[in-house]
Protein chains: 2
Amino acid sequence: MVRKRLPSGGDARPTVHTVAARAGVSIASASRVLNGVGGSPETIRKVREAAAEVGYVPNAIARSLQSQRTGLIALAVEDIGNPVYVAMMRAIEAVVAESGRQLLVHATGGKVDNETALLRRLANRYVDGMIVSPIRVTDAHLDALVDSPVPVVVVGQLPEDAPVDNVRTDSRTGVALAVDHLVESGRRQIGFVNGPLDTVPGAARDAGFRAALASHGIEIDDRLIEVGDFQYAAGRAATQRLLARAQPDALLCANDLIAVGALHALYGANQTVPQDVALVGMDDTELAQMAFPQISSVSLGSVTRGRRAAELLLERIADPSLPPRREQVAPSLVVRASSVAESPTPHGLPTVEVTA
Amino acid sequence: MVRKRLPSGGDARPTVHTVAARAGVSIASASRVLNGVGGSPETIRKVREAAAEVGYVPNAIARSLQSQRTGLIALAVEDIGNPVYVAMMRAIEAVVAESGRQLLVHATGGKVDNETALLRRLANRYVDGMIVSPIRVTDAHLDALVDSPVPVVVVGQLPEDAPVDNVRTDSRTGVALAVDHLVESGRRQIGFVNGPLDTVPGAARDAGFRAALASHGIEIDDRLIEVGDFQYAAGRAATQRLLARAQPDALLCANDLIAVGALHALYGANQTVPQDVALVGMDDTELAQMAFPQISSVSLGSVTRGRRAAELLLERIADPSLPPRREQVAPSLVVRASSVAESPTPHGLPTVEVTA
DNA sequence: TTGTACGCGTTATCAG
DNA sequence: CTGATAACGCGTACAA
């Protein structure tokens, strides 16, 4: 037997049909009134009344199927506990809200499976566009990106030929800024606490660090290089391992979470900062300012990158025929108390910004 | 003229029709193969092939309209930069992922309009359920909550009669734990840096603080109470204002972000922690451990609350006829170096003394 | 197993 | 201004 529409049956959610029937008009008229286009005063009154009585609320899914849009933008990042992504998210949110859309965030945990699954699910029309900042990029990943039915903008490094809108920074130069600063301050035993080497930022920062040391004629001592996760606890543990076998007079950390971990490891090893060991982080997040002493940090322009990514996405949504675009944001170094021995206090001091 | 379906026109996205036509079968067969139910080996081959050729990717919106579900859960919090929400989110994510769904997060900025707008948009079937943790609750808000077409669970205080699943804590008791601890440590000039009084947690903590002092027979000195936002910078500024007019020997902060701000304000005022001023935060986030010295903090069980909220939500999705449930998570106090003068610091080091 | 046709809830088009 | 009806893309009874 063929199912027929129930005659406004039971406690099912009211639809336009329910409202129309109750108001004694056609669903077309009901829909028009509900959308505020047209309708005689009398019709408007009847429909409004009926809608209120049955507690009508439109089904956004059905509306989207028809309109081919949802008014939703998604952002996928590895770890929402990392303040750099929070800053990026805020920048994106501002742009997205401006366009009348809403931003949804998903934390992927850096797992490629998770991220491609998200792409396959969300990008299939649940959202009007996506911004994704992957720390690991695989071929499957790239396929998911280019096959995406909705526009996608990538924040971060991507293969040259990937036909995807992309906003990147130059972390090699960023690392060089930090190393230059430390060398100029007279440091020579510069240690490096990095994130996983199988991640895009991890690999780039490792290469940048080695190149920067080489440019100063400093030999690379692998005992001064340690790897962990991009997190506080891992950064602290990694620094402890490093300190157990070497005596750095400076420490560069691949992000601010690691830097705070390093700071605590240094305290635990009776080292003063910046006197014994100068400390520099990366990403220039709020965390660098919240530490004591405040931590010098390489800004990779995450706010700018987020904003530009959002703008690129909105442009592409408006005009999908645009060619793939690639933008780069220059890094800069924000010097704070953790790397300047002469600095009397972490507070009330103007910070110095150094650009490449 | 009535529009007719274009004969697999141009560069429009392929649909089941496209695939079916190309494979020379009906859309029903195509759909069945695509969903892995039924189909002869030959049909399966043809459909798979056709799908691959045209790069078919299913439209999730259309699928959801039919299936009445999206596999998506949303979480709405005020500020994703607050680590307490990050912890909560992780707990929720674990449960949600377990059920095969994905979690989407939205930061409302504490604006009621924004939050109700989100409820009206997302809850209208874009997601299978929502968890929302509002810091301000208005009538409009409550209406949006109870009218929601999809299940909603609220984390935080709600009026007694609100027919909404709800997981709360008892922040009054939480504040009392902190005050008791400080009083027992011999502190009497206990200051309080709170968040906005027009928020639910702000109001509850203010009441709790006054009640706790009263229970110890300590007179309330309004000069020792200051209000700002639930953020680092605001907490620091508020503490500076407080220190300009009073000399507390202890400071309770309404959350850990404020506590870190207070810590810096104290450093700036030449105060040692915990010797001159004992410091206690709330929420017991990672931030409390990342500060130096590590900050004592009142745990409001945010991880437990998040997990329970997610479990309640999944239960309700499975059975919408359940009666509204209300759960409470007991607070506890985690004592660290910032409030115990005799205690060695977390790293066996004496607390740092700071000079201007 | 396969194809036809209906319905999910909405908006948009067309004729009256 | 109003009503009938075709889509949006998909899943699935039902009959063949």
Side-chain angles (χ1 to χ4, degrees), chain A residues 1-9 12-21 23-47 51 54-71 121 124-126 128 149-150, chain B residues 1-9 12-21 23-47 51 54 56-71 121 123-126 128 149-150:
Chain A
M1 188 194 71
V2 175
R3 280 180 300 158
K4 280 295 173 189
R5 184 190 307 284
L6 300 176
S8 91
R13 286 243 151 239
T15 74
V16 209
H17 294 85
T18 322
V19 175
V25 300
S26 71
I27 61 165
S29 292
S31 175
R32 276 189 290 257
V33 171
L34 262 12
N35 286 302
V37 296
S40 71
E42 175 64 3
T43 305
I44 293 179
R45 190 191 57 74
K46 286 190 295 187
V47 172
V54 299
Y56 170 75
V57 36
N59 182 321
I61 288 280
R63 184 198 303 248
S64 291
L65 179 60
Q66 158 71 26
S67 66
Q68 304 282 31
R69 60 187 304 281
T70 65
R121 176 172 260 163
N124 294 348
R125 308 297 190 183
Y126 273 134
D128 293 341
V150 302
Chain B
M1 192 192 72
V2 174
R3 278 181 300 157
K4 281 293 174 188
R5 184 188 307 282
L6 300 176
S8 93
R13 287 244 150 238
T15 74
V16 209
H17 294 86
T18 321
V19 175
V25 300
S26 71
I27 60 164
S29 292
S31 175
R32 277 188 288 256
V33 171
L34 263 12
N35 287 301
V37 296
S40 71
E42 175 63 3
T43 305
I44 292 180
R45 189 192 57 73
K46 286 190 296 187
V47 171
V54 300
Y56 171 76
V57 36
N59 182 319
I61 288 282
R63 186 199 301 253
S64 290
L65 180 59
Q66 155 73 23
S67 66
Q68 302 284 31
R69 61 187 301 284
T70 65
R121 175 173 260 163
N124 295 347
R125 307 296 188 184
Y126 274 135
D128 294 340
V150 302

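Order of the sequence lines sets the chain letters (A, B, ...), proteins ahead of strands, with each chain counted from 1. Predicted model, so just to flag it, every value in this text is computed and none were measured.
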Undergrad: Please tell me if A:Ser29 has a side-chain N or O lying less than 4.0 Å from either OP1 or OP2 of D:dG3.
TA: yes

Undergrad: To the nearest Å, give me how far apart CD (A:Gln68) and P (D:dC10) are.
TA: 10 Å

Undergrad: Side chain of A:His17 only, please: which of D:dC10, D:dC8, C:dT10 is the nearest?
TA: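 Nearest listed nucleotide: C:dT10.
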
Undergrad: Can you name the nearest heavy-atom pair linking B:Asn124 to B:Pro149, along with the distance?
TA: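 Of all heavy-atom pairs spanning B:Asn124 and B:Pro149, the closest is OD1-CG, 3.5 Å.
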
Undergrad: By the 4.0 Å heavy-atom rule, please label B:Thr43 as base, sugar-phosphate, or nothing.
TA: sugar-phosphate

Undergrad: Classify B:Ser40 by what it touches in the nucleic acid, base, sugar-phosphate, or nothing, heavy-atom distance under 4.0 Å.
TA: sugar-phosphate

Undergrad: Which listed nucleotide (D:dT5, C:dG9, C:dT10) is nearest to the side chain of A:Val16?
TA: C:dT10

Undergrad: Atom CD1 of A:Ile61 to atom C1' of C:dT11: distance rounded to whole Å?
TA: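 Those two atoms, CD1 and C1', are 15 Å apart.
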
Undergrad: Figure out the CG/P separation between A:Leu34 and D:dT2, and round it to whole Å.
TA: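 Nearest whole value for this atom pair: 14 Å.
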
Undergrad: B:Arg63 has a side chain; which of D:dC10, C:dA5, C:dT10 sits nearest to it?
TA: D:dC10

Undergrad: Do A:Val57 and A:Arg13 have side-chain heavy atoms sitting under 4.5 Å apart?
TA: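 Heavy-atom side-chain distance check passes, below 4.5 Å.
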
Undergrad: Measuring from the side chain of B:Ala62 (C-beta onward, heavy atoms only), which nucleotide among C:dG9, D:dC10, C:dG3 has the closest atom?
TA: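 The nucleotide sitting nearest to the side chain is D:dC10.
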
Undergrad: Given side chains that start at C-beta, do those of A:Arg125 and A:Ser64 come closer than 4.5 Å, heavy atoms only?
TA: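 Answer no - side chains too far apart.
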
Undergrad: For A:Asn35 and A:Arg63: C-alpha separation, side-chain torsions, deciding distance, then whether side-chain contact (heavy atoms from CB on, under 4.5 Å) applies.
TA: CA-CA 11 Å; A:Asn35 286 302; A:Arg63 184 198 303 248; 3.7 Å; yes

Undergrad: Using only side-chain N and O atoms of B:Asn59, determine if any of them is under 4.0 Å from OP1 or OP2 of D:dC8.
TA: no

Undergrad: Between atom CG in B:Asn124 and atom C1' in C:dC8, what is the gap in whole Å?
TA: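 Distance check: B:Asn124 CG to C:dC8 C1' gives 16 Å.
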
Undergrad: Is any side-chain N or O of B:Gln66 under 3.5 Å from a base N or O of D:dG9, one able to act as donor and the other as acceptor?
TA: no

Undergrad: Nearest whole Å is fine: how far is D:dC10 C1' from B:Arg13 CZ?
TA: 16 Å

Undergrad: Roughly, in whole Å, what's the span from CD1 in A:Ile27 to P in C:dA12?
TA: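 Atom CD1 in A:Ile27 sits about 13 Å away from atom P in C:dA12.
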
Undergrad: Is a donor-acceptor pair below 3.5 Å formed from side chain A:Arg32 to base D:dG3, judging by atom type as modelled?
TA: yes

Undergrad: Would you say C:dT11 has OP1 or OP2 under 4.0 Å from some side-chain N or O of A:Asn35?
TA: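 Yes.
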
Undergrad: Hey, does the side chain of B:Ser26 come within less than 4.0 Å of C:dG3's phosphate (OP1/OP2), counting only N and O?
TA: yes

Undergrad: Rounded to the nearest 0.5 Å, how far does CG of A:Asp128 lie from CD of A:Gln68?
TA: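 The distance works out to 10.0 Å.
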
Undergrad: To the nearest Å, give me how far apart CZ (B:Arg45) and P (C:dT2) are.
TA: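 Those two atoms, CZ and P, are 12 Å apart.
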
